[in-house]
Structures are given as C-alpha cells and as structure tokens.
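What follows is one structure encoded as structure tokens, with my remarks underneath.
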Number of protein chains: 4
Amino acid sequence: MARAKDENKVIAIYEATLKLVLENGFTGLKMSKVAKEAKLATGTLYIYFKDKEQLINALYLYIKTEQTKQYFWDYSETDSFVSNFRKLWFRVVEVGMKQPEYAIFMEQYYRSPFIKEDSKVQGEALISPVYQLLERGKAEQLIKDIPLELLVCQLLGATNELINLHQEGNFKVTKVHLEAMFKMSWDAIKN
Amino acid sequence: MARAKDENKVIAIYEATLKLVLENGFTGLKMSKVAKEAKLATGTLYIYFKDKEQLINALYLYIKTEQTKQYFWDYSETDSFVSNFRKLWFRVVEVGMKQPEYAIFMEQYYRSPFIKEDSKVQGEALISPVYQLLERGKAEQLIKDIPLELLVCQLLGATNELINLHQEGNFKVTKVHLEAMFKMSWDAIKN
Amino acid sequence: MARAKDENKVIAIYEATLKLVLENGFTGLKMSKVAKEAKLATGTLYIYFKDKEQLINALYLYIKTEQTKQYFWDYSETDSFVSNFRKLWFRVVEVGMKQPEYAIFMEQYYRSPFIKEDSKVQGEALISPVYQLLERGKAEQLIKDIPLELLVCQLLGATNELINLHQEGNFKVTKVHLEAMFKMSWDAIKN
Amino acid sequence: MARAKDENKVIAIYEATLKLVLENGFTGLKMSKVAKEAKLATGTLYIYFKDKEQLINALYLYIKTEQTKQYFWDYSETDSFVSNFRKLWFRVVEVGMKQPEYAIFMEQYYRSPFIKEDSKVQGEALISPVYQLLERGKAEQLIKDIPLELLVCQLLGATNELINLHQEGNFKVTKVHLEAMFKMSWDAIKN
DNA sequence: TATGAATGAGTGTTCATTCAT
DNA sequence: GATGAATGAACACTCATTCAT
C-alpha cells in the first residue's frame with residue numbers, strides 16, 4: 001500500500017502504469033518502464049509499492065474508486081428511476097470514453113496472475129449502487145423481471161464495447177450515436 | 001523416411017496455449033509451459049512455430065476460422081432475416097459458452113504486443129457474414145437504422161459478457177436465461 | 001545516490017573475456033562465464049555492454065588502443081629510421097609476448113560473425129604510424145621499394161608467429177633469439 | 001571417422017564445413033547448416049561422423065594431408081637445397097591462395113575447444129619434410145644457424161599473412177609481388 | 001527518502017544429437 | 001543407409017527486486 005509520503009508520486013505511478021497497459025497490455029508492463037514514465041528511479045517505486053502485484057491491485061482499487069466517484073458525484077437516489085438510469089448510463093459511457101485506460105486495465109486485470117481475490121471483491125462492492133438502481137427498476141416494474149446479472153451483462157457489455165469502439169479510433173462516436181445506443185439499451189431492458 | 005510433421009501437434013499446441021491463457025492471461029504464457037502442457041519438448045514447439053508471436057497470431061486465425069465454421073455450418077442465406085438472426089445469436093452464445101477460451105484469448109490478443117495487423121485484418125474478414133446479415137435486416141426495415149458498428153457493439157457486447165458470466169461459474173445460465181437475453185437483444189435492435 | 005558506474009568493471013570484463021578467448025576461442029565464449037570470471041552477475045554485464053557483439057567490438061578497440069599506446073609511448077618521429085624501426089619491432093614483440101591474449105583475440109575477431117565493419121576500420125586506423133614509418137624507410141631508400149602491404153605481411157607475419165610460438169610454451173624464446181629474429185626481419189626488408 | 005561407404009559424401013561434408021568456417025568462423029558453424037550445405041539430412045552427418053568434434057578433427061587431418069600432397073607431389077629430395085626451397089615456398093603460397101579456407105580453418109582450429117591433441121600431433125607430423133629441408137640448408141651452411149622453430153616463424157608467418165592478404169581481396173597479389181616476397185624470405189634466412 | 005547499479009532466477013530460442021520411419 | 005522431426009540442455013538476454021550510497 002502506498003505510504004502517505006507523497007501522494008503525487010503515487011498518482012504519477014498509477015498514470016504511468018495505465019499508459020503503458022494501454023499501449024501493450026500487461027505483457028509489456030515492466031517496473032523499470034513504469035518508473036521511467038513516472039519520472040522516478042526504479043527503486044523509488046518500491047518505496048511506494050511492495051511489489052508489482054501490490055501496485056496492480058492498488059491501481060485496480062484506485063480506478064474503481066475514481067470511476068465510482070465520477071459516476072455518482074451528483075447522483076440523487078430520490079430522483080425517478082428513469083432519470084437516474086439515463087444519467088448513470090451516460091455517465092458510464094462518458095467516463096469510459098474519457099479514460100479508456102481504465103476499461104483496458106480492468107479487462108487485463110481480471111485475467112492476470114496478479115489479481116488478488118480480496119481486492120477484486122472490494123472493488124466490485126463499490127459499484128453496488130448500480131445493482132441497487134436496477135433492483136429498484138425491477139421493483140417498480142419499469143424494467144424486465146430478469147436476474148440482475150443478466151441485465152448487467154446486457155447493459156455493461158454494450159457500454160464496454162462502445163468504449164472500445166471509441167478507443168480504437170476508427171469510428172467517431174457522436175451525440176446522436178450515444179442517444180441511439182442509449183435507446184437500444186433502454187429498449188432492451190424496459191418492460 | 002523421418003517422422004512426418006504432425007498436424008495433431010499443431011492442434012495440441014493450440015489447445016495448450018488456450019488453456020494457459022485462460023488460466024493466467026498472456027502474462028503467464030510461457031513457451032516452456034505450452035510445450036509441457038502439449039506434451040512436447042520445448043524445441044518441438046519451434047519446429048511448428050517460428051516464435052511466440054507467430055504462434056499467437058496463428059492461433060488467433062485458427063480460432064476465428066473455427067468460430068466461423070461453427071457459426072455458419074448450417075446457415076442458409078435464403079432463410080428469413082428473423083430466423084437467421086435468431087439462429088446466429090444462439091450459435092454465437094453456444095459456441096462461446098462451450099469454448100470460453102476462445103473469447104478470453106481474443107480479448108487478450110487485441111491488447112497484446114504480439115498482434116500483427118495483417119493477421120488481425122484477416123481474422124476479422126471472416127466474420128463479415130454477420131455484418132451482411134445486419135445490413136439485410138436494416139434493408140428490410142426490420143431493425144433500427146443505426147450504423148452497423150453500433151449494432152454490433154450492442155449485440156456482441158452483451159453476448160461476450162454473457163459468455164464471461166458463464167465462464168466465471170458463479171451464475172448458472174439456463175435455457176430460460178438465454179431466451180431472456182435473446183429477447184433483450186432483439187428488443188434492443190428491432191424496429 | 002546509487003553506486004556510480006564503475007570503470008574498473010569494464011576492465012574486469014575485458015580481462016575476463018580475453019582470458020576465456022585465450023582458452024577456447026570465440027566458440028567457447030559464454031556471457032555467463034565472462035560474468036563469473038569477472039566476478040559479476042550476468043545481468044551486470046548487460047549494464048555495461050548492450051550485447052555480446054558490442055562487448056566484443058568494444059574490446060577490439062580497447063586492445064588496439066592499448067597496443068598503440070604501448071607501441072608508441074616513447075616514440076619520437078625525429079629519431080632516425082633505423083633506430084625507430086628497431087625500437088618498434090622490439091616493442092611489438094615485447095607487447096605481444098607480454099599479452100598474447102591480444103593477438104589471439106584479434107585473430108579470432110577477424111573471422112567472427114561479431115565483427116562490425118566500422119569498429120574494424122576504426123581500430124586499424126590506430127596503427128597508421130607503422131605504415132608511415134615504413135613509408136619513410138622507402139623514401140630514404142633504406143628498405144626495399146615494395147608495396148607497404150607486402151612489407152607488413154613479411155614483418156607482422158613473422159612477429160605474430162613468434163608471439164604464438166612463445167605463447168604455446170614449447171619453446172623458450174631468449175634475448176638471443178629475439179636478436180636473431182630481428183636480424184632476419186631486417187635482412188628481409190633492407191635495401 | 002568416416003566409414004568407407006560413400007567417400008563423396010565425406011568430401012561434400014568437408015567442403016561444406018570449410019565454406020561455412022570461411023564465412024563465419026567456428027562460432028557460426030552449425031551441424032544442421034553443414035548438412036544443408038552438403039545437401040544431406042542432419043542425421044546423415046552423424047552416420048559419417050560421430051559428432052562435431054570428430055568431424056572437425058578429421059577435417060583437420062584431411063586438410064593437412066591434402067596440403068602435404070600438393071606441396072610434395074613432384075618434390076625430389078636429391079635436387080639442390082636452393083631449388084627445393086624455392087619450389088616449396090611457391091608451392092605453399094600457391095596452395096594457400098588457391099584454398100584459403102584451409103588456412104582459415106587451421107587458424108580457428110588451433111584455438112577451438114574441439115582440438116584433440118593426438119589429431120594435432122598427427123597432422124603436424126605430416127609437414128616434417130619442411131623441417132628436414134631447413135635442417136639440410138643449415139647443414140649445408142646456406143641458411144642461418146638459427147633454431148628451426150624461428151626459421152619456420154619467419155617463413156610461414158610471412159606466407160600465411162600473404163595468403164590472408166590475398167583472401168581479403170583488397171590487394172591484388174601479382175607474380176611480381178610473389179617474387180618480391182620470396183626475395184624477402186630468402187634474404188631473411190640466407191647466410 | 002531517493003537513486004540507479006547490481007543481482008540472479010527465469011524466459012525465449014537455438015542447436016548438437018537421437019531416433020522413429 | 002538416409003531422413004528430418006523430436007529432444008532437452010544450454011545460451012543470450014531480461015526484469016523484478018534489492019541494496020549501497
């Protein structure tokens with residue numbers, strides 16, 4: 001875990017790591033390159049993180065926390081389901097498109113030998129509000145009565161792919177496209 | 001006459017590689033482990049594949065070809081759009097759930113430093129019938145008039161996540177669930 | 001501050017390499033053995049030299065420079081030709097007999113796949129004073145009017161073999177022998 | 001040792017080996033490449049030679065024998081010393097310039113880990129007539145009274161270098177040059 | 001704390017040699 | 001005998017981690 005010494009360095013390390021994972025996946029990720037990218041000596045990295053595994057798991061939690069903050073900062077549970085669903089859907093897509101590294105990292109993390117079960121569980125707990133919202137939609141009979149897991153597949157599968165499509169850069173995603181994608185997702189789950 | 005080069009060995013190598021990628025991602029993929037898993041000496045690997053990069057790209061093409069065969073073996077373009085769409089959707093899911101390694105490998109491949117542009121292009125060409133089918137659906141005004149790329153995000157995003165869900169093993173996907181997922185996908189794109 | 005890069009290590013590596021080439025030629029030259037002989041970890045070698053090729057070419061230049069220094073450190077172009085010729089001839093032989101590894105290395109280097117043309121050219125430029133001296137001898141009509149290349153064959157061929165003879169150890173080369181050899185060389189070229 | 005089965009193959013193997021040593025030294029010498037160059041399967045090589053070491057030592061003896069044959073085929077011990085010396089000197093140079101691979105191979109052989117003492121001794125015995133001739137010259141007081149080893153250094157050092165010079169190809173060695181070189185060698189040793 | 005040289009186990013790959021055909 | 005696929009020990013080189021400064 002990062003010591004409180006220099007929070008800026010921790011962030012620099014996270015960003016360096018994300019940049020490199022974006023470029024080459026976990027396979028090309030070398031501690032020395034992370035250090036260089038973060039403008040640190042290799043040894044300094046090990047002051048902040050015990051080893052590579054810890055860096056990666058800490059980064060995972062950092063990303064999950066960041067994403068959650070950005071998803072929910074102006075979220076009000078008292079708003080209507082439909083309003084909240086729409087807000088959240090667009091938030092997920094916007095955040096993902098702004099920081100595609102996050103999604104890429106996640107994808108690789110789940111299949112890596114670095115993953116630690118408790119970090120994973122901890123990270124996933126952070127997005128429980130998403131599950132709660134969908135539960136509420138079901139309770140209010142606004143969306144289909146289908147296991148949450150499947151609804152999440154449907155919704156996040158589509159948004160993730162959309163983020164990838166944007167990141168690859170061969171297709172320019174416009175406002176109109178976003179509305180069309182949202183419409184499809186809504187049509188998919190609505191009752 | 002010496003022993004003849006053995007096509008079975010190529011398949012054994014592919015399967016060993018897939019198994020290992022499934023377990024640990026590309027990061028944990030070691031040529032010596034592939035050899036051991038395929039019950040070969042390390043050197044033998046290099047008779048069949050020049051290097052790791054070539055193995056991975058060849059495997060990518062193999063998977064794409066296999067998938068395509070399984071998707072389309074009894075496919076008839078003269079059937080109705082709706083019938084074909086349904087058949088293809090289920091085929092994609094069934095194949096994916098039977099061989100989740102394929103999807104996992106693909107995911108990692110696209111972010112790896114091994115990817116060779118021309119292999120990628122070649123592989124992607126194989127699934128053009130999917131694009132053609134959706135094009136036809138649009139022409140017949142049965143599905144929404146939205147760029148193909150977005151329709152594909154919506155559909156394959158969802159099926160990929162479903163395959164992952166199945167593969168993780170924490171949620172048992174039943175026939176009923178499949179029908180529900182299909183319904184969502186269809187509702188998402190239908191006109 | 002970390003440890004500073006250590007010039008002594010470079011020398012230690014050179015000496016280790018020379019020792020091993022002397023024993024087994026380039027064929028038996030292994031980076032791990034060089035490291036062990038120089039009392040370093042394998043990886044340390046690669047801090048100082050990018051790869052084996054670079055080590056070998058750097059060592060070639062080092063040897064050429066060392067030899068040149070030793071040949072010419074008290075050399076004065078204003079002395080008479082005969083005096084200079086004699087001094088240089090004995091210097092070449094003394095240096096060669098003191099460090100037979102140098103000659104052995106050179107021999108192998110020229111036939112190795114490691115040789116880089118520009119290193120070779122650079123190294124050969126260092127001994128141009130030898131050529132200049134012989135040119136002067138020709139101009140002063142003290143030695144035969146024969147292409148320099150042939151004079152050099154005659155002279156260095158003999159000295160190299162003498163060095164080999166000494167190095168093999170089956171024949172003890174004395175002062176008297178040296179004088180005899182010098183006499184032969186001089187008789188060979190003198191006008 | 002080669003079995004008597006197919007003498008042509010043995011020669012083909014020798015020539016292939018020589019060609020490859022000429023190109024890259026012993027370092028680049030691979031049994032599989034020798035086989036390919038000799039238009040044989042790798043395994044076939046091992047029918048004729050037990051291993052690499054044996055091939056190299058057999059080849060050494062082959063070369064020494066060939067050279068000797070070519071040096072002495074029309075040699076008559078009853079001719080005068082001077083006539084024989086001249087004939088032999090030119091023979092050595094001609095043979096060396098015609099087959100520079102021989103000299104290159106020898107050079108590398110003596111510093112390789114493949115060398116076997118008894119092969120070396122056996123090979124060197126073959127050129128004893130050279131020693132005998134010089135002994136006779138000394139007895140007849142035609143050449144300097146100097147240890148044979150030194151005379152050989154002087155003479156063969158120069159011829160070897162001349163052969164190298166020719167082989168490198170940057171200097172065209174003419175008849176006139178040969179006469180000049182011979183003159184130098186003779187002046188070096190004559191009484 | 002920060003540095004980056006040093007370490008050495010581990011990786012991809014080669015190649016002498018064997019062996020099934 | 002001839003073949004060339006198979007083997008696996010070894011080698012060049014890398015990189016996570018340590019440690020002297």
Side-chain angles (χ1 to χ4, degrees), chain A residues 3 5-6 9 27-36 39-56 114, chain B residues 1-6 9 27-36 38-55 114, chain C residues 1-6 9 27-36 38-55 114, chain D residues 3-6 9 27-36 38-56 114:
Chain A
R3 303 194 197 168
K5 271 295 132 174
D6 188 343
K9 289 216 175 78
T27 308
L29 188 67
K30 286 151 204 174
M31 293 300 267
S32 58
K33 281 194 184 171
V34 170
K36 183 178 277 186
K39 294 183 175 159
L40 298 172
T42 318
T44 312
L45 223 54
Y46 285 83
I47 294 168
Y48 291 86
F49 299 95
K50 185 179 140 286
D51 57 20
K52 197 175 180 179
E53 188 188 38
Q54 188 171 105
L55 163 57
I56 284 170
F114 301 111
Chain B
M1 209 64 45
R3 279 161 281 188
K5 267 201 196 180
D6 187 348
K9 291 217 173 71
T27 310
L29 188 67
K30 275 128 214 193
M31 293 301 266
S32 56
K33 282 193 185 170
V34 171
K36 184 175 279 185
K39 295 186 176 158
L40 298 172
T42 324
T44 311
L45 228 53
Y46 288 83
I47 295 171
Y48 292 88
F49 299 96
K50 190 179 135 288
D51 57 19
K52 197 174 178 180
E53 188 189 33
Q54 190 171 107
L55 165 57
F114 301 111
Chain C
M1 210 62 45
R3 279 162 281 189
K5 266 200 197 182
D6 185 349
K9 289 217 175 73
T27 310
L29 188 67
K30 275 127 213 194
M31 294 300 267
S32 56
K33 283 192 184 171
V34 171
K36 184 176 281 185
K39 294 185 176 157
L40 299 172
T42 322
T44 311
L45 228 53
Y46 289 85
I47 294 170
Y48 292 87
F49 300 96
K50 189 179 136 287
D51 55 21
K52 198 175 178 179
E53 189 188 32
Q54 190 171 106
L55 164 58
F114 300 111
Chain D
R3 304 193 197 168
K5 271 294 134 177
D6 188 344
K9 289 216 175 80
T27 309
L29 188 68
K30 285 151 206 177
M31 294 299 267
S32 58
K33 280 193 184 173
V34 170
K36 183 177 277 186
K39 294 185 178 159
L40 298 172
T42 318
T44 311
L45 223 55
Y46 285 84
I47 294 168
Y48 291 87
F49 300 96
K50 185 177 139 288
D51 56 21
K52 196 175 180 179
E53 187 187 40
Q54 190 172 106
L55 164 57
I56 283 170
F114 301 110

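Per chain, numbering begins at 1; letters A, B, ... match sequence-line order.
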Is it true that a side-chain atom of D:K52 and a backbone atom of D:F114 form a donor plus acceptor pair closer than 3.5 Å? no

Just the rounded figure in Å: distance from P of E:dG12 to CZ of B:F114. 8 Å

Rounded to whole Å, please give me the gap between NZ in C:K36 and C1' in E:dA9. 14 Å

Under 4.0 angstrom between C:K9 side-chain N/O and E:dA6 OP1 or OP2: yes

Roughly, in whole Å, what's the span from CZ in B:F49 to C1' in E:dG12? 16 Å

Quick check: on DNA chain E, is the nucleotide nearest C:A41 upstream (toward 5') of the one nearest D:T27, or the reverse? Name the residue that is more 5'. C:A41

Compare the minimum distances between each of F:dA2, F:dT7, E:dA2 and the side chain of D:Y48, then state the nucleotide with the smallest one. F:dA2

Looking only at heavy atoms, which two atoms of D:L45 and D:M31 are closest? And how far apart? CD2-O, 3.3 Å

For B:L55 and E:dT11, what is the distance between atoms CG and C1' respectively, to the nearest whole Å? 15 Å

How close do D:F49 and D:Q54 get, heavy atom to heavy atom, and via which atoms? CA-OE1, 4.1 Å

In whole angstroms, how far is the P atom of E:dG8 from the CG atom of C:L45? 13 Å

For the side chain of C:Y48 and the backbone of C:D6, is there at least one donor-acceptor N/O pair under 3.5 Å apart? yes

Could you tell me the separation between the CG atom of B:L40 and the C1' atom of E:dT14, rounded to a whole number of Å? 17 Å

Every protein N/O lying under 3.5 Å from an N/O of nucleotides 12-14 of chain F:
residue : atom : partner : partner atom : Å
F:dA12  : OP1  : C:K52   : NZ           : 2.9
F:dA12  : OP2  : C:M31   : N            : 3.0
F:dC13  : OP2  : C:Y46   : OH           : 3.2
F:dC13  : OP2  : C:K52   : N            : 3.0

Interatomic distance where NZ belongs to A:K39 and C1' belongs to E:dG4 [whole Å]: 18 Å

Report yes if some heavy atom in the side chain of A:K9 is under 4.5 Å from a heavy atom in the side chain of A:I47; otherwise report no. no

Answer for the Watson-Crick or wobble partner of F:dT7, both distances under 3.5 Å, is E:dA16

Rounded to whole angstrom units, what separation is found between the CD atom of B:Q54 and the P atom of E:dG12? 16 Å

